[in-house]
Enquirer: 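Below: one structure in structure tokens.
Residue indices begin at 1 and follow the sequence shown. Read the numbers this way: they start at 1 and go in the same order the structure lists the ligands and their atoms. Remember, it's a predicted structure, so these values are computed and weren't measured experimentally.
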Amino acid sequence: MGGIAVCPGSFDPITYGHLDIIKRGAKVFDQVYVVVLNNSSKNPLFSVEERISLIEEVTKDIPNVKVDSFQGLLMDYASSVKASAVIRGLRAVSDFEYEMQITSMNRVLNDEVETFFIMTNNQYSFLSSSIVKEVAKYNGDISELVPDTVEKALKVKFQ
Ligand code: PNS
């Protein structure tokens, strides 16, 4: 398909579920900007810099992925990098309503940018950053859920 796409999220922290979506998106688009949206309404565990550095580490072998951060509207970021697409992952029906709401709002803000949904791999359909943090907090095994670097960073946070 080609073109420039933005893959936005909180990525607090990045999981194998996110990575799966990023890798598959990078096969379809020429350039993918993975952007950490600095959403002030959430109380993140990792700073924006930490989240960027973890994403950079785990995507370093994907040449057409760039990692960035932005405070503000996703559509403003998309315009700033001349993206024509947004990539989002869909895990289950429960994601649908929220995704439909933000996609519709984004289309009101800029109808030149199209949102594409990639169905998450079955093995990650239950996975979220929140669930990973919960398990890591109580010392559970998260090795199947996040890359090694992220696992180590979570251990440090919850030490
Ligand atoms: O990983 P998340 O938390 O599901 O990602 C949500 C995110 C960051 C993509 C969404 O909150 C977002 O786009 N925030 C930026 C603010 C914005 O553009 N709002 C208008 C559309 S609702």
Enquirer: Residues in side-chain contact (heavy atoms from CB on, under 4.5 Å) with E134, at least two apart?
Expert: Y138
Enquirer: Hey, which atoms in ligand 1 end up nearer than 4.0 Å to a heavy atom of I102?
Expert: 22 (S)
Enquirer: Please confirm whether R88 comes under 4.0 Å of ligand 1, counting heavy atoms of the residue only.
Expert: yes
Enquirer: Of all the non-hydrogen atoms in the protein, which one sits nearest to atom 2 (P) of ligand 1, and at what distance?
Expert: S10 OG, 3.6 Å
Enquirer: Would you say CZ of F96 has more than 12 non-hydrogen atoms from neighbouring residues, nucleotides or ligands within 6.0 angstrom?
Expert: no
Enquirer: Taking 4.0 angstrom as the limit, do D12 and K133 come out as a salt bridge?
Expert: yes
Enquirer: Out of curiosity, is S129 lining ligand 1, as in a heavy atom under 4.0 Å away?
Expert: no
Enquirer: Tell me, please: is Y98 in heavy-atom contact with ligand 1, that is, under 4.0 Å?
Expert: yes
Enquirer: What atoms in ligand 1 come closer than 4.0 Å to a heavy atom of L74?
Expert: 13 (O), 17 (C), 18 (O)
Enquirer: Nearest 0.5 Å please: distance from the CG atom of L54 over to the CD atom of E151.
Expert: 12.5 Å
Enquirer: Give me the residue, atom name and distance of the protein heavy atom closest to atom 17 (C) of ligand 1.
Expert: L73 CD2, 3.6 Å
Enquirer: May I ask you to identify, for L37, whether its side chain, its backbone, both or neither come under 4.0 Å of ligand 1 on a heavy-atom basis?
Expert: side chain
Enquirer: Of all the atoms in ligand 1, which lie at a distance below 4.0 Å from a heavy atom belonging to G72?
Expert: 15 (C), 16 (C)
Enquirer: Return all side-chain donor-acceptor pairs below 3.5 angstrom for residues 78-85, not counting sequence neighbours, or 'none' if the list is empty.
Expert:
| residue | atom | partner | partner atom | Å |
| --- | --- | --- | --- | --- |
| S79 | OG | M75 | O | 3.0 |
| S80 | OG | Y77 | O | 2.6 |

Enquirer: Relative to the heavy atoms of N106, which atoms of ligand 1 are at a distance of less than 4.0 Å?
Expert: 20 (C), 21 (C)
Enquirer: Among V86, V6, N106, whose side-chain contact (heavy atoms from CB on, under 4.5 Å) with V113 holds?
Expert: V86
Enquirer: Between R51 and F46, is there a donor-acceptor pair closer than 3.5 Å when you use the side chain of the first and the backbone of the second?
Expert: yes
